[in-house]
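Notes follow the structure.
Letters A, B, ... are given to chains in the order of the sequence lines, protein chains preceding strands, and every chain is numbered from 1. Computed over heavy atoms, backbone and side chain alike; hydrogens, waters and symmetry mates excluded.
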Number of protein chains: 2
Amino acid sequence: MLNKRTEQVLFAIVQSYIASHEPVGSRFVTKKYSFNLSPATIRNIMADLEELGFLIQPHTSAGRVPTDRGYRFYVDYLPEHMAAVEEKNFLTAYMTRLESLKEDLNGVIEGAAKTLSENSSYIGVSAPLKPEKTTLNRVELFSYKGRHIAVMLLTNEGIIKHKLIRMEQEVSPRTLRRISDYLNQEFAGYGIDDIRLRLVREMSKEKAFCDILITKAMEICREALTFPAGDIYMYGLPEFIGLPDFSDRIKEIARAIEDKHLMVRLLEKVCQEPGGASVLIGSENPVKEMRGLSMVLAPYGQGGRPAGTVGIIGPTRMDYNRAITMVEATARFITDFLSDGA
Amino acid sequence: MLNKRTEQVLFAIVQSYIASHEPVGSRFVTKKYSFNLSPATIRNIMADLEELGFLIQPHTSAGRVPTDRGYRFYVDYLPEHMAAVEEKNFLTAYMTRLESLKEDLNGVIEGAAKTLSENSSYIGVSAPLKPEKTTLNRVELFSYKGRHIAVMLLTNEGIIKHKLIRMEQEVSPRTLRRISDYLNQEFAGYGIDDIRLRLVREMSKEKAFCDILITKAMEICREALTFPAGDIYMYGLPEFIGLPDFSDRIKEIARAIEDKHLMVRLLEKVCQEPGGASVLIGSENPVKEMRGLSMVLAPYGQGGRPAGTVGIIGPTRMDYNRAITMVEATARFITDFLSDGA
DNA sequence: CTTTAGCACTCTAATACCGAGAGTGCTAAA
DNA sequence: TTTAGCACTCTCGGTATTAGAGTGCTAAAG
């Protein structure tokens, strides 16, 4: 579709714009990148690229700026053209920073979001491993002040969850003991999701026999294994709004980003998709408040299956190369950690 | 120091500025508030007030704007001059909104920050009840994958905490059982802080006898009862940066606010102070990045002693009256909840 | 046919200038 | 002590001007 030379010019323009945030003119391209072409030729090429929708000029006498489509080209073109050496150096430095997260078993995933933001000056996000996707190590139920039950759930992935359930009637510690023993003996090692399903099935069976006590117990079990829709971790908003990009739309954008619901859905969607980092550029974003932003997301896995997502949110003119490097490294890191770290 | 009339004028000016965010001129004061004085007289008074440091004019031909000192006067003057009726209505409406927090035992304090922000368009903060300040209901230790210990701590205030401790050597489930039984029998009902202290004392005693096993156990106990410095809850940043006030200093301010360390210290300080809401206005703020912001904070109590803080962060020209009403109501609400809710 | 030099053209950003409006401070009278 | 009157100051919005950057087009060169 584009000939080689045109591609190179487009690539150079996007790269240069990402670095400088200033519309890039024909003269600049000839100077900085040595195509051995005159500005006039470059201008012709740029005019073509504009016609094809890869570039626009903010106004007649400015240079050109990439469109979302331009960025898309850049990102797809990227893998073949990474400046490998420098990037490798950065990567190893970044990896050592990740290593320090291993200290805190519970904090790896939250820490990943933090690290991403700190190293990019964009926003780092991570969706924690959903308890439903994990396997039961043990669950404990305690009676608390008569009418409450304290639940502690421990998974084989090193996640601890707790909750307090308010009951209608008091349940004796002995009964609780028996319920949790039952759960642990029957279900240790199984996926939380599966257990919940089986419990529901059992429940409906028991109901047929009208055994209220057992039904109650089942209900407690089910409750004990249900947790509120996972939050996501997000760091770097203050840095981000300090970026010169959005001085106007700040409010709108800040709100979109803080809307965790949207975010959660987005991250979950990406979580399904296999492979490396996905890049969503500006208008490609399904959430319309986030046009003008780009996201680089990658799933991390647990036992071979994708289990959560980490990523970066930044302006469309973010440093994709760097971002992709970081996000992929982070996802790999968490995957490794989950499989052998704990 | 100021005569009655001067005070009234100052009060009127501050109030009016808070409402409109525009420098207020002499003519406006005579119109809006019926002092039966001519603009010229008001001008004289205003000139005096400026000399005394309560007002400044942004430039020669603008109206006056309160200084921090002006706000301080206003806040101190406020209690005697609340427009009681309207405020009462607001208060009852607000209280019902708070009521809905009772649903979720764990979320009251977090919810308080949310509610504060939602009802003020400023930033709501709350510092959770520190586990150290609570009393032990029970603690449980579980062996996890050999070299780890999972701890669950349940306090009489309804707080559950958990953590995972990495050990050098494996500790048998039986030993853990004995340790937790010991803790529960010996210390149930005691303050976590006290327990920690006593454990340290015991430890040094034991050390003298070189009993490694017991020392180890003590150490586990102590670890189990130690938790990372509490986070604080904070909501409303996106709304806040949308306010017209700080279009320039956004970055700086956003960073100051996100710096949880500073915040935690600040909140803890206020937590010590008895009585109703404390108001920190602009330059009164010990944290210099937060000059230009005001905070309204009030401690909530637990068993008679102050246990945490809730509050609002806003621009110096915030609606103090409303803010104080809300913060005090929220603090009272949490205090009540802790004493009888659970 | 492609590339290039030259040049006129367009648009922005910076600067200065002007006039209207707002609000003041001061003076002199009530 | 208060007030009316008035000159003064400063901001804000609009307009004009200019310098500079970068383009598109044309016509010549490779």
Next item on the list: For the pair B:Thr6 (side chain) and B:Leu2 (backbone), establish whether a donor and an acceptor sit closer than 3.5 Å, ignoring hydrogens and angles.
Entry: no
Next item on the list: Fit a plane to each ring of B:Tyr77 and B:Phe11, take the angle between them on a 0 to 90° scale, and name the class: parallel (under 30°), tilted (30 to 60°) or perpendicular (over 60°).
Entry: tilted
Protein-nucleic acid N or O pairs under 3.5 Å, nucleotides 12-18 of chain D:
none

Notebook entry, point to check: Rounded to the nearest Å, what distance is computed from the CZ atom of residue B:Phe35 to the C1' atom of nucleotide D:dT2?
Noted result: 16 Å
Next item on the list: Show your reasoning for whether side chain to side chain donor-acceptor pair (under 3.5 Å) applies to B:Thr330 and B:Tyr94.
Entry: CA-CA 9 Å; B:Thr330 310; B:Tyr94 180 71; 2.7 Å; yes
Notebook entry, point to check: Can you find a side chain N or O atom of A:Thr41 that sits less than 4.0 Å from OP1 or OP2 on C:dT2?
Noted result: no
Item checked: Carboxylate-amine/guanidinium proximity below 4.0 Å for A:Arg291 and A:Glu284 -> no
Next item on the list: Locate the shortest heavy-atom distance separating A:Ile18 from A:Asp319; write the atom from each residue and the value.
Entry: CG2-CA, 3.9 Å
Checklist line | Closest heavy-atom pair and its distance - B:Ser126, B:Val310 | finding: CB-CG1, 3.6 Å
Item checked: Side chains of B:Glu87 and B:Arg322 in contact at under 4.5 Å (non-hydrogen atoms) -> yes
Note to self: Can you confirm whether more than 12 heavy atoms, excluding those of B:His59, are under 6.0 Å from its NE2 atom?
What the structure shows: yes
Next item on the list: Please report, rounded to the nearest Å, how far the P atom of D:dG30 is from the CG atom of A:Leu37.
Entry: 17 Å
Next item on the list: Let me know the distance between CD1 of A:Ile42 and P of C:dT3, rounded to the nearest Å.
Entry: 10 Å
Notebook entry, point to check: Taking CZ from A:Arg27 and P from C:dG6, how many angstroms apart are they, rounded to a whole number?
Noted result: 13 Å
Notebook entry, point to check: Above 12 or not: heavy atoms from other molecules or residues under 6.0 Å from CZ of B:Arg27?
Noted result: no
Item checked: side chain to side chain donor-acceptor pair (under 3.5 Å) assessment of A:Ser294 paired with A:Tyr320 -> CA-CA 9 Å; A:Ser294 286; A:Tyr320 291 99; 2.8 Å; yes
Notebook entry, point to check: More 5' along DNA chain D: B:Ser38 or A:Gly25, using each one's nearest nucleotide?
Noted result: B:Ser38
What protein N or O atoms touch nucleotides 15-22 of chain C N or O atoms at under 3.5 angstrom, if any, and at what distances?
| unit_1 | atom_1 | unit_2 | atom_2 | d |
| --- | --- | --- | --- | --- |
| C:dA22 | N3 | B:Ser61 | OG | 3.3 |

Note to self: Salt bridge check, B:Asp68 against B:Arg72: does any charged N sit closer than 4.0 Å to a carboxylate O?
What the structure shows: no
Notebook entry, point to check: With a 4.0 Å cut-off, would you call A:Arg97 and A:Glu118 a salt bridge?
Noted result: no
Checklist line | Secondary structure string for DNA chain C (Watson-Crick or G-U under 3.5 angstrom, | for other-strand pairs) | finding: ||||||||||||||||||||||||||||||
Checklist line | Nearest heavy atoms of B:Pro66 and B:Leu55, plus distance in Å | finding: CA-CD2, 3.8 Å
Item checked: Nearest-Å distance for atom pair CG/P, residues B:Asn36 and D:dT1 -> 19 Å
Next item on the list: Mind running side-chain contact (heavy atoms from CB on, under 4.5 Å) on B:Val279 and B:Ile324 for me, showing each step along the way?
Entry: CA-CA 8 Å; B:Val279 181; B:Ile324 293 171; 3.9 Å; yes
Measure all distances between protein nitrogen or oxygen atoms and nitrogen or oxygen atoms of nucleotides 25-29 of chain C, and list the pairs falling under 3.5 Å.
| unit_1 | atom_1 | unit_2 | atom_2 | d |
| --- | --- | --- | --- | --- |
| C:dG25 | OP1 | B:Arg64 | NH2 | 2.7 |
| C:dG25 | N7 | B:Arg43 | NE | 3.1 |
| C:dG25 | O6 | B:Arg43 | NH2 | 3.1 |

Next item on the list: Go through residues 7-20 of chain B and report each residue with a non-hydrogen atom lying under 4.0 Å from DNA chain C, sorted by number.
Entry: none
Check: Residues in ring-ring contact (aromatic ring centres under 6.0 Å, His included) with B:Tyr17, at least two apart?
Finding: none
Item checked: Smallest separation among heavy atoms of A:Ala329 and A:Leu91, with atom names -> CB-CD1, 3.6 Å
Check: How many Å lie between NZ on A:Lys31 and C1' on D:dA21, as a whole number?
Finding: 14 Å
